[in-house]
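Report on the structure given below.
Just so you know, these numbers come straight off a predicted model, no measurement behind them. Labels below follow one simple rule: chain letters A, B, ... track the order of the sequence lines, proteins then strands, and each chain is numbered from 1.
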There are 2 protein chains.
Amino acid sequence: MATRLRSPRVINPSKQQSVVPISDAAPDAHTLYEVLRDGLIWGRWKPGEKLKPQHLKDELGCKSAALREALIRLAGEGFVDSELNQGFRAVAHSKETFQEAVHMRWVLECEAVRMALKNGGFEWEMAVSAAHKKLVFVEERMKAADDVTPFLKHWSRQDWEFHNTVLSACRSTLLLRSYKTAYDTFRMYAVSSLPTYGFGGDNNITEHNAIYEAAIQHDEAACIEAILCHLPLSDDATLSAGAG
Amino acid sequence: MATRLRSPRVINPSKQQSVVPISDAAPDAHTLYEVLRDGLIWGRWKPGEKLKPQHLKDELGCKSAALREALIRLAGEGFVDSELNQGFRAVAHSKETFQEAVHMRWVLECEAVRMALKNGGFEWEMAVSAAHKKLVFVEERMKAADDVTPFLKHWSRQDWEFHNTVLSACRSTLLLRSYKTAYDTFRMYAVSSLPTYGFGGDNNITEHNAIYEAAIQHDEAACIEAILCHLPLSDDATLSAGAG
DNA sequence: ATCGGTAATAATTTCGAAATTATTTAACTA
DNA sequence: TAGTTAAATAATTTCGAAATTATTACCGAT
C-alpha cells in the first residue's frame, strides 16, 4: 500500500482559543434567546415595540444571524410577532389574552397538581418546602415594607419557582412546557399592566400557604380549591371551573 | 431650493418578476416549515432520523438559510431535536410521550369543549355538522373496504378537522395552540407506531357520532363522557379523569 | 395647501462562502 | 491484529454583503 503524502496541520496563531474566557465575546443564539425572553417578560421592551435587529445588535453586542435565530424561536412561542418583511415586535396584550393565560394556568395547574400529589415523594416534598420557604421570606419582607417595588422582581421569580416546583412531580414534560408558556404570558401582562405585577399583599401569603399545606399533605381537593382562590379568574372562567 | 440630481432607476431585466408564477422557485421559510412539519408527522422522516441540511436542500430544492429557519421553529415546538454542532433530527417517541400527548388532549379537549358548547352559535353548529359529515363519509368507506390503508391519511386529516372544529368556538387561541401541539404529537406517534394510525374501526364511527350529537345538543356531560371514551387513555390517566 | 406619485433612504431578508466542529479513514505502534 | 493517534473529509454554524422590500422625504399638480 502506497504511503499517503500529508502536509502538517497549520494552525493560525491568532485564531487559537484563549485559556481565559473572553467576557465580551458575542453571545450565541441560545444565550440571546434567554436574554430576549427575559427582557420581553420583564418589560425591557414594551408590548408592541419594534425589535429592530440593527439596534438590538448594538444593544446586545451580537451578530445578526444569532439574533434572528433567537427571534424566530420566540415568534414560534408567541412572545414575538413577526410578519413577512415587516420585522419583529414584542407582542401586545389585552385583557382577553391575559384571561386566556389565567385560564390556561388554572386548567393545567389543577391537572398537574393532581398528578403531582399522586407521584410526589419525599424529595419533592423537600423541594416544595424549600421553594415555599423562599417565597414566604420575600412576601414577609414585602408585608413589612412601605414600598414593595424593589421586591417585585424577586417575588415574581419565587412565585414561579414555587408553582413550578409543586407541579414538577406531575411527570409530563408536555404539560409542564405548556404551563410555562401560559405562566410567562400571564407574567408578561402582569409586569406591563398590573400595578404590582399581580402581587396581592397579605392575601398572597395566605393563598400560597394554603396551596403549600394541601400539597404537602397530598390533599387533592384542598389543593385545587386553594389554586382556584389564588388565580385571578374571571367570572366566566369560574363558572366553567365549577363544572370541573 | 436647489434641485436634487437624480439618476433614473435601473431595473435589471433578468430580475424582473415573471407574470406567470415560476413553479420551481425555492420555497420560503414558512412554506418549508409547513412541508417539514407535515413530513415529520406523516412519516416522511422516521423518528430519530437525522435531518441533514445538505440532503434536504436537494430533496426540497431550497436554500440552507430558509431550511435552518424552519428547523429552528420546529425545534422550538418540540418536533425536532437539536443539539449544538450536532445538527437536527426528528424526535423519537416512546409510549410515555404518547401517553403524555393523549393525556394533554384529554385535559385540553374537555376544557375547550365546555367553553365551545357555551359559546358556539349557529355558524359553529353548521361547521361541526359539515366536519362530522366528511369524517363519517371516510369512515363508512373504510368500514366497507377490505384494506383501509389507502384511506388512513384522509381519515386522520378529517379526524383533526372534526375535533378542531368542535373546539374552535372555545375562544382561547392559547388553548387551541397547545391542543394542536398535543394532537400532532399524538398523530406523529400514531403514524409511526400504531398499525392503522389509531383508526379503531366501527368503534370510531360510534364514538365520533356520540361526540357530534352531544356537541350539537350542547350537552356538556355527554360530550365529555364521549371524549373520554374516544381517547386511548391509560388506566393511570383515567383514574385522574374520574376526579375531573 | 393638500394630495398623489416618485426617488432616496432605511430596514429586512436572503445567500454563498468562510470558519468551526464532528466524523471517518488511514497510518503507526505494541 | 487490535488499539491509538492524527489527517482527511464531511457536516454544521457563522458571517458579511447583496438583494429585496418597506418607509420616508421630496417634487409637482390640482
Side-chain angles (χ1 to χ4, degrees), chain A residues 1-18 21-22 25-33 36 45 49-76 80-90, chain B residues 1-18 21-22 24-33 36 45 49-75 80-90:
Chain A
M1 203 183 289
T3 52
R4 214 167 33 157
L5 208 65
R6 300 199 280 202
S7 51
R9 171 172 286 189
V10 178
I11 298 171
N12 182 344
S14 70
K15 294 292 173 60
Q16 281 186 67
Q17 200 169 283
S18 168
I22 298 164
D28 61 21
H30 191 266
T31 307
L32 266 178
Y33 166 81
L36 286 167
W45 297 282
E49 183 177 345
K50 214 150 195 303
L51 303 168
K52 300 188 181 181
Q54 286 201 326
H55 296 173
L56 289 175
K57 244 175 60 177
D58 299 340
E59 190 176 342
L60 305 173
C62 62
K63 309 292 180 179
S64 54
L67 183 58
R68 189 175 172 76
E69 185 170 324
L71 286 169
I72 288 165
R73 280 196 60 186
L74 288 164
V80 159
D81 279 338
S82 77
E83 234 166 319
L84 188 64
N85 294 330
Q86 306 219 120
F88 301 91
R89 55 177 68 235
Chain B
M1 203 183 286
T3 51
R4 219 165 29 158
L5 209 67
R6 303 196 277 203
S7 51
R9 172 172 286 187
V10 177
I11 298 170
N12 182 344
S14 70
K15 295 290 173 62
Q16 281 186 66
Q17 202 169 280
S18 168
I22 298 163
D24 58 327
D28 61 22
H30 192 264
T31 307
L32 266 177
Y33 166 82
L36 285 167
W45 298 282
E49 182 178 347
K50 215 150 193 303
L51 303 168
K52 299 187 183 183
Q54 286 201 325
H55 296 174
L56 290 176
K57 244 175 59 176
D58 299 340
E59 189 176 343
L60 305 172
C62 63
K63 310 291 179 175
S64 53
L67 184 58
R68 189 174 173 75
E69 186 171 323
L71 287 168
I72 288 165
R73 279 196 61 185
L74 289 164
V80 158
D81 279 339
S82 77
E83 233 166 320
L84 188 63
N85 293 331
Q86 306 218 124
F88 301 91
R89 56 177 65 235

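- Here the side chain of Gln86(B) is nearest to one of dA11(C), dT12(D), dA22(C), namely dA22(C).
- An OP1 or OP2 oxygen of dT13(C) is reached within less than 4.0 angstrom by a side-chain nitrogen or oxygen of Arg68(A).
- The CG-P distance, from Leu56(B) to dT12(D), rounds to 9 Å in whole Å.
- Atom pair Asn85(A):CG and dT12(C):C1' shows a separation of 7 Å (rounding to whole Å applied).
- Where Pro53(B) and Ala65(A) meet DNA chain D, the nucleotide closest to each residue was compared, and Pro53(B) sits on the side nearer the 5' end.
- For the pair Lys63(A) and Leu84(A), nearest-nucleotide mapping onto DNA chain D gives the more 5' position to Lys63(A).
- Between Gln54(B) and dA11(D) there is a side-chain polar atom (N or O) within less than 4.0 angstrom of OP1 or OP2.
- Nearest heavy atoms, Ala70(A) versus Leu36(A): CB-CD1, 3.8 Å.
- Between Glu83(A) atom CD and dT21(D) atom C1' there is a gap of 14 Å when expressed in whole angstrom units.
- If you take CG of Leu51(A) and P of dA11(C), they are 14 Å apart, rounded to a whole angstrom.
- Remark: Lys50(A) is not in phosphate contact with dA11(C), judged by side-chain N or O atoms under 4.0 Å from OP1 or OP2.
- If you take CG on Leu74(A) and CG on Leu51(A), they are separated by 9.0 Å, rounding to the nearest 0.5 Å.
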* Show your reasoning for whether side chain to side chain contact (heavy atoms under 4.5 Å, CB included) applies to Ile72(A) and Arg68(A). => CA-CA 6 Å; Ile72(A) 288 165; Arg68(A) 189 175 172 76; 4.0 Å; yes

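- Distance CG (Leu67(A)) to C1' (dT13(D)): 16 Å, rounded to an integer number of Å.
- We find that CG of Leu71(A) is positioned 14 Å from P of dT14(C), with the value rounded to whole Å.
- To the nearest angstrom, C1' of dA22(D) lies 15 Å from CZ of Phe88(A).
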* Asked: Could you go step by step and tell me if Leu56(A) and Trp45(A) meet the side chain to side chain contact (heavy atoms under 4.5 Å, CB included) rule?
  -> CA-CA 11 Å; Leu56(A) 289 175; Trp45(A) 297 282; 3.6 Å; yes

* Would you check, one step at a time, whether the test side chain to side chain contact (heavy atoms under 4.5 Å, CB included) holds for Lys52(B) with Glu59(B)? => CA-CA 10 Å; Lys52(B) 299 187 183 183; Glu59(B) 189 176 343; over 6 Å; no

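- Between dC15(D), dA11(D), dT12(C), one nucleotide has an atom nearer to the side chain of Lys52(B) than all others, and that is dA11(D).
- Distance CD (Glu69(A)) to P (dT13(D)): 8 Å, rounded to an integer number of Å.
- The side chain of His55(A) approaches dA11(C) more closely than any other nucleotide in the set dA11(D), dA11(C), dT13(C).
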